Amino acid sequence: MEALRNVGNAIDDYVGKSTFGRMFRLEGSGHEKELKNTRFLREIRAGVTTFFTMSYIIAVNALILTDSGATCKCDSSIDRSIDPPCASDPAYNQCLTEINRDFVVATSAISGFASFLFGFFTNLPVALAPGMGINAYFTYQVVGFHGLGKIPYEIALAAVFIEGFIFIALSLLGMRQWLVKLLPHSIKIASAVGIGLFLTLIGLSTTAGLGAVSGASSTPMDLAGCPAAFRDAAGACASHKMQDPAMWLGITLGGMLITYLLMFNFKAAFLIGIILTSIVSWPRNTAVTYFPHDPEGSGDAKFDFFKKVVAFHPLQHTLNVIEWNLSAHAGQFALALFTFLYVDIIDCTGTLYSMARISGVVDDSTGDFPRSTLAYCTDAFSISIGALLGVSPVTAFIESSSGIMEGGRTGLTAMVTGICFIISIFFAPIFASIPPWATGGTLVIVGAMMMRQVKVINWDYIGDAVPAFVTLAFIPFSYSIAYGLIAGLLCYVVINTMVWLTMKISGNRAMPVNYEQKDYWTWLPGGVSPWFV
């Protein structure tokens with residue numbers, strides 16, 4: 001063990017002193033802005049951890065986007081009012097199977113490309129992939145289930161493509177950086193805490209986590225944790241709550257074991273928990289298998305795909321299918337474009353700032369982080385490239401925080417994550433078979449680590465405390481970072497406008513309690529416009 005540690009230290013020292021190490025400002029590189037405690041092997045480990053934590057997006061994003069029907073066409077002889085999903089058309093169903101595999105490859109490809117590019121240009125440990133939430137909006141609200149929505153899939157991709165270039169323009173003009181600086185300090189901190197709670201909720205949910213909680217008909221949420229046979233169509237448990245062996249496997253190996261290893265500062269704790277849980281879940285005919293013999297056959301289909309191990313699937317239906325003839329759908333196209341814009345600009349901007357803050361690279365005097373313009377432009381460019389591959393908008397992933405907690409501090413972390421996604425294109429059967437309960441515990445633990453920032457919120461002045469609390473509460477419960485920030489900002493503006501008017505009318509004789517402890521804020525942060533910061 002000591003010999004391995006010495007070899008590792010030697011590798012870290014050699015790389016750190018090289019030109020490569022100087023490029024990424026590793027410890028020992030001699031760079032004037034050298035980042036402390038950044039070691040080459042630690043960055044690699046952090047990147048792999050980030051990949052395993054967010055690898056669920058490969059299968060989940062493909063599943064959601066497949067529901068759009070993409071370029072598959074239902075036979076014209078089938079009455080969609082009687083058979084909305086076109087289930088009676090064998091050719092359509094076969095096309096959906098091929099589309100799903102297209103989306104698995106496309107999701108891996110754009111995630112790898114975007115993460116590698118982002119890490120190389122920005123030197124930030126943040127990975128990118130098609131965003132959860134916005135992919136559901138793209139599928140179910142814009143294109144519609146199996147193409148029954150407002151606009152065709154090909155035109156929806158045109159909106160995504162154009163959105164990316166609008167974002168580039170906004171980034172070059174400094175508007176996105178200005179938006180971050182415009183946010184009140186407590187709301188910035190609350191957004192990071194809210195993201196931690198959001199991660200926790202994802203980690204506890206069924207789709208991408210342990211399955212310990214679910215939606216319910218009589219209450220917003222309910223205790224879950226029952227085997228699949230006892231869940232209704234909405235995923236709620238009719239009985240046998242907290243009796244799912246797979247959930248308990250995730251809690252023990254993917255949660256308790258990781259926590260135990262972290263207590264002793266054990267390197268690769270997250271990685272070990274995820275891999276062990278996955279390996280235990282792969283054998284069939286066990287109570288915790290990821291490949292059950294279910295009536296619908298999804299377990300059999302997953303296992304057939306898993307057995308291929310190495311399989312490259314070329315994009316057959318989603319590559320460069322954007323339609324530019326918008327005349328028949330101009331109004332709905334504009335609405336979809338506007339919605340993509342405002343959700344993405346708030347969601348991604350808030351996530352990037354929060355991840356940069358956790359990494360410790362935010363400059364408190366300016367409220368900005370290094371290479372922010374490059375960061376926003378790279379994210380925007382990746383959105384447009386993703387549209388060419390046929391996927392919904394790409395965004396910064398909050399699961400990047402797992403790699404940051406593992407010690408990742410430079411762009412090497414994101415680049416390693418990107419390389420892992422590229423490799424997964426050829427090993428898609430393996431990486432698409434990581435069970436959600438294998439990563440759920442990691443998300444909960446990362447959420448707990450992100451909660452430590454809550455003490456930085458200004459709780460002494462209620463005009464800062466309430467908007468901050470609304471922000472951190474709305475992010476998980478609305479299942480949207482964007483809506484959480486909107487709710488907090490609206491609350492902040494209304495409360496503090498009322499206070500300002502009261503003070504003006506009374507000539508400052510009526511003043512709120514602890515007003516002198518209010519966080520400083522100005523609508524012109526750093527200058528008179530976004531161009532003078």
Side-chain angles (χ1 to χ4, degrees), residues 132-133 179-205 209 212-213 215-216 219-222 342-343 345-358 360 362 364 367 396 398-399 401 404-405 443-503 510-523 525:
M132 290 294 291
L179 175 63
V180 171
K181 296 179 182 180
L182 192 65
L183 292 174
H185 179 70
S186 285
I187 288 184
K188 288 180 186 177
I189 303 301
S191 65
V193 177
I195 287 173
L197 293 174
F198 190 15
L199 279 173
T200 301
L201 184 57
I202 293 173
L204 292 173
S205 68
V213 299
T219 58
M221 294 182 67
D222 194 10
Y342 92 80
V343 171
I345 197 170
I346 297 176
D347 193 333
C348 184
T349 302
T351 302
L352 276 178
Y353 177 84
S354 298
M355 295 302 104
R357 187 172 188 85
I358 296 171
V362 172
D364 290 330
I398 54 178
E399 282 83 352
S401 54
I404 296 172
M405 295 301 177
L443 296 179
V444 173
I445 294 168
V446 170
M449 291 177 170
M450 294 179 69
M451 283 298 295
R452 70 182 66 171
Q453 299 179 79
V454 76
K455 62 185 179 184
V456 185
I457 294 174
N458 182 19
W459 298 107
D460 295 325
Y461 178 63
I462 198 166
D464 290 325
V466 170
F469 179 77
V470 168
T471 301
L472 69 87
F474 259 75
I475 286 177
F477 293 131
S478 67
Y479 220 73
S480 168
I481 299 169
Y483 293 148
L485 282 170
I486 290 171
L489 286 171
L490 181 62
C491 186
Y492 184 92
V493 169
V494 171
I495 290 174
N496 287 283
T497 299
M498 292 168 60
V499 170
W500 180 80
L501 288 173
T502 302
M503 293 175 64
M511 188 174 293
V513 177
N514 294 334
Y515 184 76
E516 68 280 359
Q517 298 185 35
K518 178 182 185 295
D519 280 340
Y520 173 77
W521 179 84
T522 175
W523 69 281

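Since we're looking at a predicted model, the values are computed, not measured.
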Task: Rounded distance (nearest 0.5 Å) linking atom CG of Leu490 with atom CG of Leu485 - done: 12.5 Å
- [ ] Measure across Ile187 and Gly488 and return the closest heavy-atom pair with its distance rounded to 0.1 Å.
- [x] CD1-O, 3.6 Å
Task: Atom pair CD1 (Ile189) and CD1 (Ile457), whose distance is rounded to the nearest 0.5 Å - done: 7.5 Å
- [ ] For the residue pair Ser186 and Asn458, confirm or rule out a side-chain donor-acceptor distance under 3.5 Å.
- [x] no
Task: Ser191 side-chain N/O to Lys188 backbone N/O, donor-acceptor pair under 3.5 Å - done: yes
Open item on the list: Do Thr200 and Met450 have side chains that approach each other closer than 4.5 Å (heavy atoms only, starting at C-beta)?
Closed with: no
Open item on the list: Quick check on Met511: does its CE atom have over 12 non-hydrogen neighbours (other residues, nucleotides or ligands) under 6.0 Å away?
Closed with: yes
TODO: Evaluate the side-chain proximity of Val213 to Leu201: yes if any heavy-atom separation is below 4.5 Å, no if none is.
DONE: yes
Open item on the list: How long is the straight-line distance from OG1 of Thr351 back to CD of Glu399, given to the nearest 0.5 Å?
Closed with: 9.5 Å
Task: Pairwise side-chain contact, Pro512 with Met503, heavy-atom cut-off 4.5 Å (strictly under) - done: yes
TODO: Give the minimum heavy-atom separation between Ile475 and Ile195, together with the two atoms involved.
DONE: CG2-N, 4.1 Å
Open item on the list: Does Leu489 have more than 12 heavy atoms from other residues, nucleotides or ligands lying within 6.0 Å of its CG?
Closed with: yes
Task: Side-chain heavy-atom pair Tyr515, Val499 within 4.5 angstrom cut-off - done: yes
- [ ] Report, as yes or no, whether the 6.0 Å neighbourhood of atom CZ on Phe474 holds more than 12 heavy atoms from other residues, nucleotides or ligands.
- [x] no
TODO: Step through the shown structure and confirm whether more than 12 heavy atoms of other residues, nucleotides or ligands are within 6.0 Å of OH on Tyr461.
DONE: yes
Task: Interatomic distance, Leu199 atom CG to Ile398 atom CD1 [nearest 0.5 angstrom] - done: 3.5 Å
Task: Check: Asp519 and Pro184 side chains under 4.5 Å, non-hydrogen atoms - done: no
TODO: Can you see which heavy atom on Tyr483 is nearest to which on Ser478, and at what distance?
DONE: CB-OG, 3.7 Å
- [ ] Please report the shortest heavy-atom distance between Thr471 and Ala190, naming the atom on each side.
- [x] CB-CB, 4.1 Å
TODO: Could you check Trp459 against Val454 for side-chain contact (heavy atoms from CB on, under 4.5 Å), going step by step and ending with a plain yes or no?
DONE: CA-CA 9 Å; Trp459 298 107; Val454 76; 3.7 Å; yes
Open item on the list: Tell me if a side-chain donor or acceptor on Trp500 pairs with a main-chain N or O of Ile495 at a distance below 3.5 Å.
Closed with: no
Open item on the list: Nearest 0.5 Å, please: how far is CG in Leu197 from CZ in Phe477?
Closed with: 7.5 Å
Task: Approximate separation, where rounding is to 0.5 Å, of Tyr353 OH and Ile358 CD1 - done: 11.0 Å
TODO: Measure the shortest side-chain to side-chain distance between Arg452 and Val193 over non-hydrogen atoms and say whether it is less than 4.5 angstrom.
DONE: no
